[in-house]
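Worksheet for the structure shown next.
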Amino acid sequence: MLEELDPEQREVATALHGPVCVLAGAGTGKTRAITHRIAYGVRAGILQPSSVLAVTFTNRAAGEMRGRLRQLGAQGVQARTFHSAALRQLQYFWPKAIGGSMPRLVDRKIKLVADAAAACRIRLDRGELRDVTAEIEWSKVTQTVPSDYVLAAAKAGREAPRAPAEIAQLYAAYEDLKRERAVIDFEDVLLLTVAVLQDRQDIADQVRSQYQHFVVDEYQDVSPLQQRLLELWLGDRDNLCVVGDASQTIYSFTGATPDHLLDFRTRHPGATVVKLVRDYRSTPQVVHLANGLLAQARGRAADHRLELVSQRAPGPEPVYTEYTDEPAEAEGAARRIRELIASGVPASEIAVLFRTNSQSETYEQALADAGVPYQLRGAERFFDRPEVRKAGIALRGAARFGGNDSLLDDVVDLPSQVRAVLSGEGWTSEPPAGSGAVRERWESLAALVNHAHDFAAARPGATLSDLVAELDERASAQHAPTVQGVTLASLHSAKGLEWDVVFLVGVAEGMMPITYAKTDEQIEEERRLLYVGVTRARERLYLSWALSRAPGGRANRRPSRFLDGLRPGSAGAAGRSAAGRAGGVERGFTPTAGVAPRRTQRAPARCRVCGRTLTDAGEMKLMRCEDCPSDMDEGLYERLREWRAVQARRSGQPAFCVFTDKTLMAIAETGPEDEHELARIPGVGMRKLNRYGADVLALCAGQDLAFDDEDGGTTSDTNSSKK
């Protein structure tokens, strides 16, 4: 059994006595080490299977641990979450400790919180209910009673969703309702187990005689309440093994703190400390970036960072790509993903990770347009979110009533109409403070407002009814059955997972770190969140950002400060990596293997004739100044215009909705020879490439397209004289 382990893992496996602290970096095989430790102890006769309790934080992790222990011949070891282990003990000892039947366990608190709000005559919408519920959970895991909430929240720097005094009132009413209805919640399971073990020495002795050895995984995520329960399980013994990584602490908003891990050696001066730094998950290139992120970190967790050493063969360098706008970023990611799948990478081994759930809609649409199957993890599909469905109903109603809706009186333009309607659903011009459900709800509504602006810009004169119809089409296109495909997930929900290929998107200031991260401590947690994202990748890692939100918008965004000195071309970057030798950051396309990128500057765009920085949207499409010489093929341009007119008649939409004049000019100047070159032209997105690409390339190749407006069919004949 020991032969399968590296030297450090073997040290963990053989440290079977006394307190043990395992500092395990991402991908270093910590689960392998601790399961082999338990199994080795059982086989050596030092540990009795029934006397070992291994606890972790998710049912998935606990199930994985049980499976590995069975394979290693250590059946009978208890591997559970903190809540599961406490609930089992509470159910067993309830008749003896309290008497009668144990209260019913409620699996969702929101209904009780809503009833508490009604009793207090405080009106809460759905988002506020979720955030108040989260505040109550935080209070309980930090062992804060209602009367102490205001002071505790201020001391912890909490961004309360309501006035702290109101939260305290709601918290007290919630506790009263639970007592009246004889129910308990999940936090009560821990609190009551702690109370029983504190008050009944005989029960505490019985538990301690049952469990002699304890293993705690993900120890950096332990809350004060869980730490107290662990101490009561232990008593005055020290047969404890903890495993964790302070650099992966990303749940402090739920009460988790790395202090218990970092103070372990202070509490247990004679502890055996083992560091696992051999990374078996990621290539040296990915590990180098992860180490670089932490090298810039500050604070207590950073002082205890682990320098990972990859054990894998070299792989490709991380790819940094800058896009002009967010839709282009999503289409670029989707295009690359389609190429990866075509090259043999399974879709299930690819993930797109973002900071907030509100970012998912753009990537859902881009992947759907590219014909790439995907699944959402840890978030509802954009059009399935309650606030989005409710907003759709409100917009549909306003469109139906038209000018008879008093809400829209004196509101002329489409974006203003949408803002007026959605203001009744909770949208405001400024985002709410904090990072909870209210913020997520606002971001969903803001995405609809932003889409209305983009829609109006693309279709001048469009009505609210037109927008509603377009939203319905988008929702219909995305309501496909769940499939095993590319994973879309927030960085928080990606913890504990890994993929061959990871796309980290939206890595720009304002999103990473998020705008509401103000304090040094909050900024450092954002850095750790990016570190977790980077270390999810085994082989390939793509990081990207957009200079503006929408096409033609101000290019005033910049890459995340966390990448300074790490990405090629940034200030302080130590030399040029293999990825940067071709000229630095990519400009939103995939270069052909072995060919240097055509545009590598970080500026929004530069004229390909005179080199001047371009800011005008039309010039950016042409990639040249308006007054610089054009090498456009006039004949091709006219044929493209004729073809566009036919396409517009067939689809019943204005000609510019097929391609704008600027895009046609750019095509006629570039003369693309394949889809790869055509896709590089601004204004040619994935949907238009799929729909019109074959026709456009045929025209560029000198072929005549004969159109039949009756059935929409086309035929082509080679005509080299027109090339």
Checklist entry - Looking only at atom types and distance, does a side-chain atom of E525 sit under 3.5 Å from a main-chain N or O of S252, one as donor and one as acceptor? => result yes
Checklist entry - Is there a donor-acceptor contact under 3.5 Å from the side chain of S84 to the main chain of R80? => result no
Checklist entry - Do C241 and F214 pass the side-chain contact (heavy atoms from CB on, under 4.5 Å) test, and can you show the C-alpha distance, the side-chain angles, and the key distance before you say yes or no? => result CA-CA 6 Å; C241 175; F214 297 86; over 6 Å; no
Checklist entry - Taking side chain as C-beta onward, heavy atoms only, is Q78 less than 4.5 Å from R88? => result yes
Next on the checklist: By the ring pair (Phe, Tyr, Trp, His ring centres under 6.0 Å) test, which pairs, at least two apart or in different chains, include something from residues 254-278?
Outcome noted: F264-H268
Next on the checklist: Keeping Q311 on the side-chain end and R278 on the backbone end, is there a donor-acceptor pair under 3.5 Å?
Outcome noted: no
Checklist outcome for this item: SG of C120 to CD of E166, rounded to nearest 0.5 Å, is 9.0 Å
Checklist entry - Are E128 and R123 within salt-bridge range, i.e. N to O under 4.0 Å? => result no
Next on the checklist: Could you tell me if the side chain of T133 sits less than 4.5 Å from the side chain of L112, heavy atoms only?
Outcome noted: no
Checklist outcome for this item: The residue among D279, L308, V277 that forms side-chain contact (heavy atoms from CB on, under 4.5 Å) with N291 is L308
Checklist outcome for this item: Separation between SG (C21) and OH (Y219), nearest 0.5 Å, reads 8.5 Å
Checklist entry - What distance separates L488 CG from Q359 CD, expressed to the nearest 0.5 Å? => result 11.0 Å
Item to check | Full working for side-chain contact (heavy atoms from CB on, under 4.5 Å) between V534 and V286 | outcome: CA-CA 7 Å; V534 167; V286 173; 4.0 Å; yes
Item to check | Closest non-hydrogen atom pair, A494 against L353 | outcome: CB-CD2, 3.9 Å
Checklist outcome for this item: For A168 and V150 the tightest heavy-atom approach is CB-CG2, 4.3 Å
Item to check | R281 bridged to D500 by N-O distance under 4.0 Å | outcome: no
Checklist entry - Are the side chain of S493 and the backbone of A489 linked by a donor-acceptor contact shorter than 3.5 Å? => result no
Item to check | Pairwise distance OG1(T144) to CD(E135) - rounded to 0.5 angstrom | outcome: 10.5 Å
Checklist entry - Measuring from L543:CG to L530:CG, what's the distance to the nearest 0.5 Å? => result 7.0 Å
Checklist entry - Can you check whether S310 reaches S282 side chain to side chain, under 4.5 Å on heavy atoms? => result no
Next on the checklist: Is there a side-chain contact between F186 and L105 in this structure, where contact means two heavy atoms from C-beta onward sitting under 4.5 Å apart?
Outcome noted: yes
Item to check | Salt-bridge criterion met for E180 and K178 (N-O under 4.0 Å) | outcome: no
Would you give me the side-chain donor-acceptor pairs under 3.5 Å for residues 63-72, sequence neighbours excluded?
from : atom 1 : to  : atom 2 : distance (Å)
E64  : OE2    : R68 : NE     : 3.4
E64  : OE2    : R68 : NH2    : 2.9
R66  : NH1    : A79 : O      : 2.5

Next on the checklist: Does atom CD (Q75) have a neighbourhood of more than 12 heavy atoms from anything else shown, all under 6.0 Å?
Outcome noted: yes
Item to check | Rounded distance (nearest 0.5 Å) linking atom CD1 of I203 with atom CH2 of W94 | outcome: 11.0 Å
Next on the checklist: Test: ring pair (Phe, Tyr, Trp, His ring centres under 6.0 Å). Region: residues 137-171. Which pairs qualify, not counting sequence neighbours?
Outcome noted: none
Checklist entry - Taking only residues at least two apart or on different chains, which pairs with a member in residues 36-52 satisfy side chain to side chain donor-acceptor pair (under 3.5 Å)? => result E4-H36
Checklist entry - Hey, are the side chains of V141 and E187 touching, using non-hydrogen atoms and a 4.5 Å cut-off? => result yes
Checklist entry - Does any N or O in the side chain of S560 come within less than 3.5 Å of the main-chain N or O of M512, such that one atom is a donor and the other an acceptor? => result yes
Checklist entry - Looking at residues at least two apart in the chain, or sitting in another chain, which of them share a side-chain hydrogen bond (donor to acceptor under 3.5 Å, both in side chains) with T257? => result D259
Checklist entry - Step by step, would you call Q522 with E526 a side chain to side chain donor-acceptor pair (under 3.5 Å)? => result CA-CA 6 Å; Q522 291 169 338; E526 292 288 300; over 6 Å; no
Checklist entry - For residues 17-32, which residue pairs qualify under side chain to side chain donor-acceptor pair (under 3.5 Å), counting only residues two or more places apart or in two chains? => result K30-D217, K30-E218
Item to check | Contact check, side chains of L23 and L306, non-hydrogen atoms, under 4.5 Å | outcome: yes
Item to check | R527 side chain to I523 backbone, donor-acceptor under 3.5 Å | outcome: no
Could you pull out every donor-acceptor pair under 3.5 Å between side chains of residues 192-201 and any protein atom, sequence neighbours left out?
from : atom 1 : to   : atom 2 : distance (Å)
T193 : OG1    : A86  : O      : 3.4
T193 : OG1    : V189 : O      : 2.6
Q198 : OE1    : R228 : NE     : 3.1
Q198 : OE1    : R228 : NH2    : 3.0
R200 : NE     : D202 : OD1    : 3.1
R200 : NH1    : K96  : O      : 3.2
R200 : NH2    : D202 : OD2    : 2.9
Q201 : NE2    : D205 : OD1    : 2.9

Checklist entry - Can D176 and R179 be counted as an ion pair, charged N to O under 4.0 angstrom? => result yes
Checklist entry - Do the non-hydrogen side-chain atoms of V222 and L230 ever get within less than 4.5 Å of each other? => result no
Item to check | With sequence neighbours excluded, residues passing ring pair (Phe, Tyr, Trp, His ring centres under 6.0 Å) with H492 | outcome: Y251, F253
Checklist entry - Do the side chains of T356 and M511 get nearer than 4.5 Å, heavy atoms only? => result yes
Checklist entry - Taking only residues two or more places apart in sequence, or in another chain, which ones meet F93 in a ring pair (Phe, Tyr, Trp, His ring centres under 6.0 Å)? => result none
Checklist entry - For M102 and Y92, what are the C-alpha separation, side-chain angles and deciding distance, and is it a side-chain contact (heavy atoms from CB on, under 4.5 Å)? => result CA-CA 10 Å; M102 183 175 155; Y92 182 81; over 6 Å; no
Next on the checklist: Under a 3.5 Å cutoff, is there a donor and acceptor pairing between the side chains of Q206 and Q210?
Outcome noted: no
Checklist outcome for this item: Contacts satisfying salt bridge (charged side-chain N to carboxylate O under 4.0 Å, His left out) that involve residues 235-245 (not counting sequence neighbours) are none
Next on the checklist: So, applying side-chain hydrogen bond (donor to acceptor under 3.5 Å, both in side chains) with D185, which one of R108, K140, K109 is it?
Outcome noted: K140
Checklist entry - Any sub-3.5 Å donor-acceptor pair from E509's side-chain atoms to R561's backbone N or O? => result yes
Checklist entry - Among all residues two or more places apart in sequence or in another chain, which pass the side-chain hydrogen bond (donor to acceptor under 3.5 Å, both in side chains) test with K275? => result none
Next on the checklist: The criterion is side-chain hydrogen bond (donor to acceptor under 3.5 Å, both in side chains); which residues satisfy it with Y280, sequence neighbours excluded?
Outcome noted: D6
Next on the checklist: Could you tell me if T249 and Q220 have a donor-acceptor pair between their side chains, going purely by distance under 3.5 Å?
Outcome noted: no
Checklist entry - N357 and S490: which non-hydrogen atoms are nearest, and at how many Å? => result OD1-CB, 3.6 Å
Checklist entry - Do side-chain atoms of Q212 reach the backbone of R208 as a donor and acceptor pair under 3.5 angstrom? => result yes
